[in-house]
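Here is the structure we will look at.
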Amino acid sequence: MNKKIIIILSACLSLMFISCGNQSSQNASEGVQLTNSMGSVILRDEGAEPVIIDVEKKEVIIPAEVNGKYFNSPTRHGVVFDRGSNGDKSVLRGLADEREFYQALIDIGAVAGNNLTMDDMKLGKTVDGQKLDVFVTWDGLGKEIPFAEIIRSDEERPMDIRFGGNIENAKAKRTGCILCLDSCAVGITSDAAYETGAVEMKKIGRYGREDVLPADGTRVSVIFRIAQDK
């Protein structure tokens, strides 16, 4: 009798191991979906740092580094993920994936504009979408300063950052654009105060402020918060 029980238990254990093995193979073949702190499925390149989400404050924080190249050279890029094709063309090199950043804005309740097409990039149009207050801070500063204060322009206008959306263009082009300094059909967010083509066609120069930002390569945090005034 005991021998029979042992044989039955051995058979059951064998079936369990086979079943578990099949499940592991299935998971491996399907891949594991990455999720953020809200449980949303996200896309994130290997090596990218996570985006921080605070639903209560309706804010998203991404890590970045100062790019001193644009203290004296004009650019239309405010923040770009450093692994994107435009990764070294911005005042701040983003260390987080632009696609994960997009999902984070959706998760805090921001509404994307999605009103611009690639054809609009030469037509002087303005980006729509949720209005965002954007700030920058870094170790030792002890406060947040408006993003507008780290940028100087040949033609000064009040900054108006909007959640343009553009996720399909962002996925297709992988420029890494997180915050553009004029209205854009690819950047996840951009400055509606400057129409499409304002920097590259109208040659309105925009730069990082060396007298405000810390030294080249310094790590900073960029905070995007849903604005109270729309």
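These numbers come from the heavy atoms of this one structure, side chains and all, not from hydrogens, waters or symmetry mates.
Note that CG of Leu123 is 7.5 Å distant from OG1 of Thr117, once rounded to the nearest 0.5 Å. Atom CZ of Arg209 sits about 8.5 Å away from atom CD1 of Ile145, to the nearest 0.5 Å. Rounding to the nearest 0.5 angstrom, the gap separating the OG1 atom in Thr35 from the CD atom in Gln33 is 8.5 Å. We find the CG-CD distance between Asn72 and Glu210 to be 6.0 Å, quoted to the nearest 0.5 Å. Of the inter-residue distances, the one linking Gln228 atom CD with Ile226 atom CD1 reads 9.0 Å to the nearest 0.5 angstrom. A distance of 5.0 Å separates CG of Asn86 from OG1 of Thr175, quoted to the nearest 0.5 Å.
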Self-check item: Intermediate values then yes/no, side-chain contact (heavy atoms from CB on, under 4.5 Å), Arg219 and Leu95
Solution: CA-CA 10 Å; Arg219 187 181 174 96; Leu95 304 178; 3.4 Å; yes
Practice problem: Before giving the answer on side-chain contact (heavy atoms from CB on, under 4.5 Å), spell out for Arg83 and Glu46 the whole-Å C-alpha distance, their side-chain angles and the decisive distance to 0.1 Å. | Solution: CA-CA 10 Å; Arg83 287 170 171 75; Glu46 187 175 353; over 6 Å; no
Practice problem: Check step by step if side chain to side chain donor-acceptor pair (under 3.5 Å) holds for Asp107 and Ser40. | Solution: CA-CA 8 Å; Asp107 286 340; Ser40 299; 2.9 Å; yes
Exercise. Test salt bridge (charged side-chain N to carboxylate O under 4.0 Å, His left out) on Arg174 and Asp97 and set out the steps.
Key: CA-CA 10 Å; Arg174 289 312 316 275; Asp97 192 304; 3.6 Å; yes
Quiz item: So Cys177 and Glu98, side-chain contact (heavy atoms from CB on, under 4.5 Å) or not? Walk me through it.
Solution: CA-CA 7 Å; Cys177 292; Glu98 78 279 11; over 6 Å; no
Exercise. Would you sort out whether Glu195 and Lys202 count as a side-chain contact (heavy atoms from CB on, under 4.5 Å), showing the intermediate values?
Key: CA-CA 10 Å; Glu195 63 280 7; Lys202 294 186 177 178; 2.6 Å; yes
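For CG of Asp139, the number of neighbouring non-hydrogen atoms (other residues, nucleotides, ligands) closer than 6.0 Å is 12 at most.
When the side chains of ILVMFWY residues are joined at heavy-atom separations under 4.5 Å, either directly or via intervening members, Tyr207 and Val66 end up in two distinct hydrophobic clusters. Hydrophobic clustering, with ILVMFWY side chains joined whenever heavy atoms are under 4.5 angstrom apart, keeps Ile53 apart from Val111. Follow the hydrophobic side-chain contacts under 4.5 Å out from Val186 and you never reach Val199; the two are in separate clusters. One hydrophobic cluster holds both Val134 and Val55 under the rule that ILVMFWY side chains link at heavy-atom gaps under 4.5 Å. Hydrophobic clustering of Ile, Leu, Val, Met, Phe, Trp and Tyr side chains at less than 4.5 Å, counting indirect connections, unites Leu105 with Leu92.
Contact of the Met121 side chain with the Lys125 side chain is not registered, since no non-hydrogen atoms from C-beta on lie closer than 4.5 Å. Between Ile62 and Glu100 there is no side-chain heavy-atom pair separated by less than 4.5 Å. Contact check for Val222 versus Phe224: side-chain heavy atoms found under the 4.5 Å cut-off. Proximity of Arg99 to Asp45: side-chain heavy atoms (C-beta onward) are separated by under 4.5 Å at one or more points. Residues Val80 and Leu179 fail the side-chain proximity criterion, which asks for heavy atoms closer than 4.5 Å. Considering only heavy atoms from C-beta on, Phe71 comes within 4.5 Å of Leu213 through its side chain. Contact of the Met118 side chain with the Lys173 side chain is registered, since non-hydrogen atoms from C-beta on lie closer than 4.5 Å. Looking at heavy atoms from C-beta onward, Lys131 lies in side-chain contact with Arg162 at the 4.5 angstrom threshold.
Across all their heavy atoms, Val51 and Ala104 have their closest contact at CG1-CB, 3.8 Å. Scanning both residues, Thr137 and Glu144, for their nearest heavy atoms gives CB-CA, 4.2 Å. In plain terms, the two heavy atoms of Ile188 and Phe163 that are nearest each other are O-CD1, 3.5 Å. Here the closest heavy-atom approach between residue Asp82 and residue Arg93 is recorded as CB-CB, 4.2 Å. The two residues Val136 and Val220 come nearest to each other via the heavy atoms CG1-CB, 4.0 Å. Heavy atoms only, all atoms of each residue included: Cys184 and Ser190 are closest at N-OG, 3.3 Å.
Side-chain atoms of Lys122 never come within 3.5 Å of backbone atoms of Asp119 as a donor-acceptor pair (strictly under, hydrogens ignored). A donor-acceptor contact shorter than 3.5 Å is absent between the side chain of Thr75 and the backbone of Tyr70. Checked by atom type and distance alone, the side chain of Ser221 never pairs as donor or acceptor with a backbone atom of Pro63 at under 3.5 Å. Judged by distance alone, the side chain of Asn115 and the main-chain N or O of Asp128 form a donor-acceptor pair under 3.5 Å. Ser90 contributes no side-chain N or O that, together with a main-chain N or O of Val79, makes up a donor-acceptor pair within less than 3.5 Å. When atom types are taken as modelled, the side chain of Asn36 and the backbone of Gly39 share a donor-acceptor pair closer than 3.5 angstrom.
If you look at Phe81 and Phe101, their ring centroids are not closer than 6.0 Å.
Applying side-chain contact (heavy atoms from CB on, under 4.5 Å) to Asp191 and the options Arg76, Arg157, Arg206 leaves one that passes, Arg206.
A salt bridge is defined here as a Lys NZ or Arg NE, NH1 or NH2 lying under 4.0 Å from an Asp or Glu carboxylate O, and Glu49 with Arg44 fails to meet this definition. The residues Asp54 and Arg225 are annotated as not salt-bridged, no charged nitrogen and carboxylate oxygen being separated by less than 4.0 angstrom.
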